[in-house]
Visitor: 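Pasting in a structure now, in structure tokens, and then I'll have a few things to ask.
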Number of protein chains: 2
Amino acid sequence: MEDVARLAGVSTATVSRTLRGLPNVSDETRDRVLHAAASLSYVVSPIASRLASGRTHTVGVIVPYAARWFFGQIVAGAESVLREHDLDLLLYNLGDAAARQRFFGQLPLRRRVDAVLVVAMQFSDPEIADLRSLGVPIVAVGHDVPGAGCVRIDDVAAASSAVQHLLGLGHRRIGMISTYADQAMFLPVAHERRRAYLDTLTAAGVPFCEELVMSVPHGLDGGEQAMRRLLALPDPPTAVFAESDELAFGALSALRRTGRHVSVIGFDDHELSALLDLTTVRQRVFEQGVLAAGMLRRAMTVSDWTPEELLMPTTLVLRASTWPVAVRTARTG
Amino acid sequence: MEDVARLAGVSTATVSRTLRGLPNVSDETRDRVLHAAASLSYVVSPIASRLASGRTHTVGVIVPYAARWFFGQIVAGAESVLREHDLDLLLYNLGDAAARQRFFGQLPLRRRVDAVLVVAMQFSDPEIADLRSLGVPIVAVGHDVPGAGCVRIDDVAAASSAVQHLLGLGHRRIGMISTYADQAMFLPVAHERRRAYLDTLTAAGVPFCEELVMSVPHGLDGGEQAMRRLLALPDPPTAVFAESDELAFGALSALRRTGRHVSVIGFDDHELSALLDLTTVRQRVFEQGVLAAGMLRRAMTVSDWTPEELLMPTTLVLRASTWPVAVRTARTG
DNA sequence: TTGTAGGCGTTATCAT
DNA sequence: ATGATAACGCCTACAA
């Protein structure tokens, strides 16, 4: 920077001002500095400027399973807007309990980010306190975090609409494939969707059967396993609501391999759901990442930012994986 | 840090040494420092230490499509090992030509990373020169970059085995779904797999038909579109080799909707391929991310590192989407 | 083994 | 509008 200043015949302070686009620099000086910088192919050291300014220009993004479709969409959405504003995105994947413990043990985000984005993770009170202690704004996607901004859907309403769809088709024995018992990750949506399932059934006067709710690890294999267990019941369900499309895919797989027929509805509208003809509840995932990043930007720039809440709409997408209870019963019975 | 030093009754230099685990600190002093730091809940500022040491402790990861399965796996794999070694992962998604131009225009990685990981992207010579100018080691996943380390499979051999599988089933009119004409991204694997397709057919004495090679945008829609066009030919293929499983999924979709029967083989072994009974060439993607990150670490720590080349094995996975040419012909003909 | 002091490359606060 | 100069918080010879 000194070299540039010398070449332009100004002080380093002026160079700094110019390069940051601050207003109080004369046009003529600005040109000289810009030319000098260009001819020396000089770029400011982001690290030094971060140290001096105290702003890291970085957003920490915490996800439970980086490799999964949902989280990939969120991250890509957030990345697109952060990048546009020259903000760095630091990815933390807390896939297992060990990673999570390490994360909260040493809190590597300290002094390292200007804001945090957490995606579909539920935290304990001490963990939330830890996050808060970072002293930076927090935005959550997919669920509420006390004191944080939030971009999400109405999980209860959406899950309820899924169950109602099945009820409307005449199903009464309706199973659910959930991940609510996954202690390691504790996905909050698991609990909300399960609750919606229970409440909706109850409201419809359908008796609750404990054995119809399977909790499995998330993913294809989990879904397959859950459906196999449901099929093995003395009185198996005629329809199943899966917490996510990926679980539903697994369920479909089990059905195909066993030749059985059960209506299945998923949740997300994964890009492959159309191909598999899966009825599901669509949410716009990439866009939620975009909106969350926008909210973060606001939180970082506006001085008196207060947590915002954004509710995204969902839609029921009807396909061939669900049908009236009478149909298959007649056909197979 | 001064506070810690004072509390422990030592100098800041000793605190620094202790906290970084350098050897020449007496056990007793170390304890005092550690306690002092803990009681003040002090953590070093990574930014300051980066400025002082000149090492950024950060790896830049460049991908063309962050939201896609393949890239998600790679990133997650790399993240897992980088995180373990306290290295930050800075994600750059060059999804479109604009993002790419901006990236190479301002080269935001300058002075910001100690190493770079590029995933399945082909660069022009000036672009490679730009990357080289960063002065840090580079590792590529999925293809060669001159002067960079490399983790990949033998694309030509793997693609060839796919085509040979079809030939072995008696197919002679074999189509291909490719993305080779995608100028924006220029995925190198597209060209290698297409070449393998051509060479393998030629070696088998099968005449080359230009109209049997479709180039489409990557993804489900692309695959569907390509298959529709292939089906519309006067003399459609009896089998198709798709450059990736996602393209193959699209092809399957088209087949299902049209009720036609064509053998399809994909490439990758996407996690949903088993569900769709797609014959494919399996490669271990997550693991390639892990290995690439390991290589990067070596490159950053060893002073005289020279680019390594790692070749990962692939396997042909036989499923129900391919069958002998005679079967369906007889059945449908 | 430990302490001293200069430097890393900016930004920010004063003056001017 | 511009310049001088002290931070920013740590690392690293070098000296002790």
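As a basis for the values below, the full set of heavy atoms in this structure was taken, side chains included, without hydrogen atoms, waters or symmetry mates. Residue numbers begin at 1 in each chain, while the letters A, B, ... track the order of the sequences. Just so you know, these numbers come straight off a predicted model, no measurement behind them.
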Visitor: Using the side chain to side chain donor-acceptor pair (under 3.5 Å) criterion, which residues pair with A/Glu2? Sequence neighbours excluded.
Guide: none
Visitor: I'd like to know if the side chain of A/Thr179 reaches the main chain of A/Asp182, judged simply by a donor and an acceptor atom lying under 3.5 Å from each other, with no hydrogens or angles considered.
Guide: no
Visitor: Suppose the criterion is salt bridge (Lys or Arg N to Asp or Glu O under 4.0 Å): which pairs have a residue in residues 133-146 of chain B, not counting sequence neighbours?
Guide: B/Asp144-B/Arg152
Visitor: Using side chain to side chain donor-acceptor pair (under 3.5 Å) as the criterion, list what pairs up with B/Glu192, not counting sequence neighbours.
Guide: none
Visitor: Please report the end-to-end axis angle for the helix from C/dT1-D/dA16 to C/dT16-D/dA1, five pairs per end, rounded to 10 degrees.
Guide: 30°
Visitor: For nucleotides 3-16 of chain D, give me one character per nucleotide, 5' to 3': B if any protein heavy atom sits under 4.0 Å from the base, S if the only such contacts are to the sugar-phosphate, - if neither.
Guide: BB---BBBSB----
Visitor: Can you list the residues that meet the side chain to side chain donor-acceptor pair (under 3.5 Å) rule with B/Gln101, with sequence neighbours excluded?
Guide: none
Visitor: Of all nucleotides in DNA chain C with an atom under 4.0 Å from a non-hydrogen atom of chain B, which is the first and which the last going 5' to 3'?
Guide: C/dT1 to C/dT10
Visitor: Just grab all the side-chain hydrogen bond (donor to acceptor under 3.5 Å, both in side chains) pairs involving residues 107-119 of chain B, residues at least two apart or on different chains.
Guide: A/Asp88-B/Arg112, B/Thr56-B/Asp114
Visitor: According to the side-chain hydrogen bond (donor to acceptor under 3.5 Å, both in side chains) rule, which pairs have a member within residues 128-142 of chain A, sequence neighbours left out?
Guide: none
Visitor: Would you be so kind as to tabulate the donor-acceptor pairs closer than 3.5 Å made by side chains of residues 70-81 of chain A, with sequence neighbours excluded?
Guide:
residue: A/Glu79; atom: OE2; partner: A/Arg83; partner atom: NE; Å: 3.2
residue: A/Glu79; atom: OE2; partner: B/Asn93; partner atom: N; Å: 2.9
residue: A/Ser80; atom: OG; partner: A/Gly77; partner atom: O; Å: 2.7

Visitor: Using the test side chain to side chain donor-acceptor pair (under 3.5 Å), find all partners of A/Arg30 that sit at least two apart in sequence or belong to another chain.
Guide: none
Visitor: Just to verify, what does B/Leu7 make a side chain to side chain contact (heavy atoms under 4.5 Å, CB included) with, not counting sequence neighbours?
Guide: B/Ala36, B/Ser39, B/Leu40
